[in-house]
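In what follows, a structure is listed as structure tokens, so that the remarks can point back to it.
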Amino acid sequence: MLRLQNIQTYYGNIQALKDVTIDIEEGEIVTLIGANGAGKTTTLMSICGITPPRKGEIAFKGSRIHHLKPESIVQLGICQVPEGRRIFPGMTVVENLEMGAFLRNDKAGIKSDLDMVFDLFPILDQRRSQLGGTLSGGEQQMLAISRALMARPRLLLLDEPSLGLAPLIIQQIFEIIKKINKESGTTIFLVEQNANQALKLAHRGYVMENGRITLVDKASVLLENDEVKKAYLGL
Amino acid sequence: MKNIKQSLAVSLWFIFLTFPLMVVKVNTSDQLVQWRWMNILWIGLATFVLSFVWRYALARKEARQMAAQSGQDEQDKPSRIQALLEDQSLRYKAMIALLIFALAFPWVFDTYQSTIMISALIYVVLGLGLNITVGLAGLLDLGYVAFFAVGAYSYALLNHHFGLGFWTILPVGGILSCLFGVILGFPILRLRGDYLAIVTLGFGMIIKVVLENWSDFSFGPSGIANIDKPGLFGLKMDIAASTTYIYYIMIGLVVLTIIVTARLKNSRIGRAWIALREDEIACVAMGIDMARTKLSAYALGAFWAGMVGVMFAAKTTFINPASFTFMESAIILSIVVLGGMGSILGVILGAMILILLPEYLRAFSEYRMIIFGAAMVVMMIFRPQGIISNVRQKYEFKGLKEKSENV
Amino acid sequence: MKRFNLLLVALVVCVSLASPALAADTIKLGVAGPHSGDLAPYGIPAMKAAQLVVKKINANGGVLGKQVELLIQDDQCKPEIATNTATKLVTQGADVVLGHICSGATKAALGIYKDAKIPVMSPSATNPGLTQSGDYPNFYRTIASDDMQAKLAVNFAIDKLGAKKVAVLHDKGDYGKGFAEFAKKFLDESSKVKVVLFEGITPGAMDYSSIVQKIRRAKADVLIFGGYHPEASKLVAQMKRKRMKTAFLSDDGVKDVSFIKVAGAAAEGAYMTGPRDLSSIPLNAAATAEFKAAYGEDPGAFFKEGYSAALALLNAIQKAGSTDYAAVTKALQTQYVDTPVGKIKFDGKGDAEGVGFSVYQVKGGKFVELK
Amino acid sequence: MEYFIELFLGGLTRGSIYALIALGYTMVYGIIQLINFAHGEIYMIGAFVAYIVCGVLTIYGFHGVSILIIAGLLAIVYSCAYGYTLEKVAYRPLRNAPRLSPLISAIGMSIFLQNYVLLAQTPDFLPFPALIPDFEFMEPIAHIIGSPELVILVTTLVTMIMLTVLIKYTKIGKAMRATQQDMSMARLVGINVDRVISTTFVIGSALAAIGGVLVASYIGQVNFYIGFIAGVKAFTAAVLGGIGSVPGAVLGGLVLGLTESFAAGYISSDYEDVFAFGLLVLILILRPSGILGRATKQKV
Amino acid sequence: MSDTTKRTLLEVKGLTMDFGGLRAVDSIDLTVSEGEIAALIGPNGAGKTTFFNCVTGIYTPTDGDILIHPKDKPTRRVNGSKPNMVTTLGMARTFQNIRLFPDMTVLENVMIGRHCRTKTGLTGAILRGKAARKEEQEIVESSYTLLEKVGLGEFANEYSKNLPYGAQRRLEIARAMATEPFLLLLDEPAAGMNPQETADLDALICRIRDVEKIAILLIEHDMKLVMNISDTIHVMEYGKKIATGTPQQIKDNPKVIEAYLGEETEA
């Protein structure tokens, strides 16, 4: 479905991604794990066209997208839940959700998706007209995911949804990710630091170190891989 | 083909845009409408051609940036002038030639040329002063002319009331203006950049209003006349002699400013200013006292404006508030930015160009300001670093030398 | 080294360009004033007047048998530029100077002319200090000073309008504030009226509603305004809008066709002082006709004053028999000359004797002189 | 008391014009952190276009309200076109440049546009026709508040309400808010940020044009220089209210207008500008981000 | 680990920092002793950088005490001191997202660090007297020496923005060292480095402790580095400290493993 081939991305003079190749099949949950600063977020930003790669190719369903503008990429159905949630703080919950559906024009569809999202996260329903900035961390994360869902994505990119959240909430969120994948068949590309959780959830995993992919395998295999443990705990 | 279409569209758009203002001229009292259809043609043609140039220039700029990013460092490659500047031996030769030229100037040219040159030199000092505040320390000041006014009025008033002479007031004017800078700067320097800009702009305007209204103090809008010219041991001089004399004082002042600003720039304090411009948080984390450093930059910038304000009053022998408008501040700021922020040579060149060009292009005087405005925009788009971008000093240290000698 | 040579060549070229063409034997008349920028409308008519006068005199054999040469310089009405232009005129060897136009620029330039012993005659600088302070013995003008205008305006307000309470406003400018301060002084000296308000307004401000309300509250029956027509138009328009009956009395800066054009109906009935109506003087009609023939339009502000000044200056040289400063000065002060502003000579301070002001009123969209 | 009301209404009128122009500054600043120095010139161009259109229409025999409507609309159209072009030419190429560059470019643009109008038209003051008729019913209180003031206040109020609706409830308004709050996130939800910025300039320009036409017909004159003073004051108002905040701009405009009016009325109009800027300095010292501005904490 | 008689340099007691309703740092106790490399680890968002910002004066903590015990000087409480004061007192830091002065040369960046230890004023700078020149020379020499120490000598006259990432991090360390601190606070010094660079950094940090006698407190995610060099490790999660100990103790602490690899919950 999505194919990154040997992409290289720079920030100014600094090369952040070095020949990264990733394949994601339709309906899969794929996770990208790695330490801070390994280049995981950059990978997502490259896919979304915010920091387009200087070399290499990104193809979505067979057509190349790495030269497109971010809004065109979103239009294709690739949506991101960025790191740190990035809720619009001065907009209400409903408005934030509407922004997620920015490129859609079917009023009825948006309405029913709103209900769907509120079903998924009842707490957001209670907070409807509260400003995004006043929500708690967990609620913001739920809102961020919901906002992305409002675009009816074919491919959902999640950047560290567990960041700074309490374990109970993390668990809740991961379950919902699973549910989204199962029920609507949305392909999910999950970037995580929380390797254990992520690998348990995913079908396949990639391990990233210093801008390179160092390991690719089934998630269950990676979960048992000593290299992964080592990379994380320096054992 | 695509280009032609694009340019055609641009040209049509501008014809539409300029239609009412360029084509129609109404005389309501005589009930006449003047249709200047020829203007459409000119606008159309001009924008058609310009859009080509514009696109080409933008594309070139982008290509350069891309090249720079992929590590080829094209952008940092100094321009031809800069390469020349860095050639040490040539630099000294050029400096000596320039100095001889400057010293010989009043003997070679007539008095008028000298007066024009004095005006330009006044702006050189103003530019260098503002360069400290804006170019080095990064504090945007849109009311710099206020300090210029403080200097000019200190001399005019002290001379008028107490008969104090030019040489006594020259430093006093600078110091007064410096104090003024500190008093104003103290409450406002914690403001963020753009807020600082509007507040300084406000101060510039307040000064003018006060000078206009407080007649008992400043003699109001009619100004102060018959200010003494600088004296030389009580010698009586005719116009030509005193102009030459003022010219030399000005040259001295410029040289002093250049030396002082150059030394400051490459000193502990100058480095702190530049660091402050680049990153305030990193700066305080390195133990630099932000408030003090900012204030010193602000006050020192004001100091030069005050000194040269005294000079200005002595040269014109008459001042009134009309000389201290926002436009002056804008021109001084343009000198700094067009010349190249932080670069001393750039600022000097900027002042010379902006002040001398209009003098010699009197024929274009109607179009002067519009060209000036357009040049500012074009310059910012295609060469935001100014005519001469700031070159950082290269330091010598024993370690590296020894190493290279050993090799 | 090549570069060095280039520099030398450049230097030589500069020098040759800059050195003035050596003086042929002519009488040099300098003309300085704003010829560009937004104040150009005040400077160009005087410049054109000088050109017309010189053309005519040269056609008739010139002055003292020599041709008259014009040296024209733009000072943009800025003091600092005026000193530059003055220096330029002095270095070019001007014998007499017609100018400058604005009082501030004139003050800044006069010192330079004084040192060079050059008589200067302005068609427009009305600041009283220029003649009355005694600082500028070389200064003359063909227009009356502000205090005369103010005196006339105040007398008119008291005697003809029967003012009891007067508000005085000005535009904080050199000219306007000077006029207003004199008006206030003369009003204070009179026991019949009270100055109920004396304030400056900001030129270019969005509106003057507060100050207009203030005038109304002060119950002033006459408003004396010192300044120019844009602010005056705004004031009269807003006063009319507030249904005020206060009489509006202003100065020469307002007596401009633009005032009537811009203020429209609100201008009706406004009073202003201005140079006496000179249409009865034959030379005036002739000069105007000359201008119309040459440029196909009506002459603008200070045309006849400029024309008169040029005539007076050249006449004085003719009468003095040389361009010597003392002789010319003496001729200016003793010899009468016929000009578009009347038959004039100058007093010891430099003011023209026989030049005066009248009060005008806007009636039916025209300035009408009140006798 | 009557005097107080008069001054209050006068200040309100002036303040609402400031507010209209200030909105353009504040919206642009909110999104791209640029002081659009040339915004005052857009206001001036609006007034000038309206003047030209009125002149032509009057000479060709049109009358009354039709002139007002056509002139007003064309003024808005042209101001928007100028605003749009301004952004495209002078600011967009500088999107990633050092902070001072677009500011200098803006000052340059301001000088350019002033002189363009001066050269293309005239340096003189021109009489602007009184487009707003004197209403019969206003006559009894005309000395307190005239018809033009009433029209200005009502128009401003209506414009503000429309703007609020636009920003709060329309798609483009929400996109503008989203872009202001987090530009890169806005792109991630598919908002075309460039288009939003252009739209912001266009809306700001339309507001300035409305202000320009209202003021010109209120005071009855136009000139190439009117934009500068109005621009500086409006910008002051925007900063006063907290730049970037839409209600802040309105509040700042009104506060500034009222301050000037009361200061001139009760103290002296000599120092009108001193009071205006003094207030600004005072408020910034007490609240460095303006009355309604949000304090931004820099991330370390 | 050697014995524990070493002097305490930094003593933090009950440090708490609230942002609005959010408690980012929750009563943390922590000490750093002379000659020690202490590490502060924990998942993203645990409050480590906020802790740093409180200690270095960028934030004023809501509650708690930060005491420093410089050598030969009295103990001081530095809560709410301005950052430049903290640096002058002897604690210098680096930043997570590198904060160099990009348009200054590498050497000048370090020279800025010398600012608070030198004293040439305006007059000195203008007159450039003997003392000023000597001091200036001293600044250049000592800064260059520092650059050599971190292995950047050859880049001295480059613009710092043109350095590779790893070198920029090392430059930040050199700049902080130029302020002559007794304690160096490093915020993720290894982030974005490749294994070779990380290994070099490893050696550099040890050298700073052993040769320069500067104690170090660092935040780091690279566990290999942390485990290799730290004398003491403090672990934070959700603003609270959950563990302190030697690398071995930390490795074996189940709470830490849980925090890092995620909870071993059976879904």
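Residue numbering restarts at 1 for every chain, and letters A, B, ... go by the order of the sequence lines.
- Residue Ile211(C) holds its CD1 atom at 10.0 Å from CG of Leu7(D), rounded to the nearest 0.5 Å.
- Annotation: the span from Ile219(D) atom CD1 to Ser209(C) atom OG amounts to 11.5 Å, rounded to 0.5 Å.
- Interface remark: of the candidates Ser268(D), Gly10(D), Gly220(D), Gly11(D), Ser268(D) forms the most heavy-atom pairs closer than 4.5 Å to chain C.
- One finds a salt bridge joining Arg216(C) and Glu6(D) here, because a Lys/Arg side-chain nitrogen approaches an Asp/Glu carboxylate oxygen to under 4.0 Å.
- Ile17(D) and Met206(C) make their closest contact through CG2-SD, 3.4 Å (heavy atoms, listed as atom of the first residue, atom of the second, distance).
- Scanning both residues, Arg14(D) and Asp207(C), for their nearest heavy atoms gives NH2-O, 2.6 Å.
- Residues Glu272(D) and Ala205(C) share a closest heavy-atom pair of OE1-CB, 4.1 Å.
- In this structure a side-chain-to-backbone donor-acceptor pair under 3.5 Å is present from Lys172(C) to Asp270(D).
- Other residues, nucleotides and ligands contribute more than 12 heavy atoms inside 6.0 Å of the CD atom of Glu189(C).
- In this structure, the separation between NZ on Lys214(C) and OH on Tyr3(D) is 5.5 Å, given to the nearest 0.5 Å.
- Between chain D and the residues His229(C), His170(C), Arg217(C), Lys242(C), the most heavy-atom pairs under 4.5 angstrom are made by Arg217(C).
- Atom CZ of Phe262(D) has more than 12 neighbouring heavy atoms from other residues, nucleotides or ligands inside a 6.0 Å radius.
- Only the backbone of Leu126(D) comes within less than 4.5 Å of a heavy atom in chain C; its side chain stays farther off.
- Closest of all the heavy-atom pairs between Gln221(D) and Ser233(C) is NE2-CB, 3.6 Å.
- When Ala130(D), Ser261(D), Ala263(D), Gly146(D) are compared by the number of non-hydrogen pairs under 4.5 Å with chain C, Ser261(D) comes out ahead.
- Annotation: Lys240(C), atom NZ; neighbour count of heavy atoms from other residues, nucleotides and ligands within 6.0 Å does not exceed 12.
- Here the shortest heavy-atom pairing between Thr202(C) and Asp273(D) reads CG2-OD2, 3.7 Å.
- For the residue pair Pro148(D) and Arg241(C), the shortest heavy atom distance occurs at CG-NE, 3.6 Å.
- Looking only at distances, no side-chain donor or acceptor of Gln213(C) sits under 3.5 Å from a matching main-chain atom of Gly265(D).
- Between Tyr218(D) and Gln238(C), the side chains place a donor N or O and an acceptor N or O closer than 3.5 Å (distance only, hydrogens not considered).
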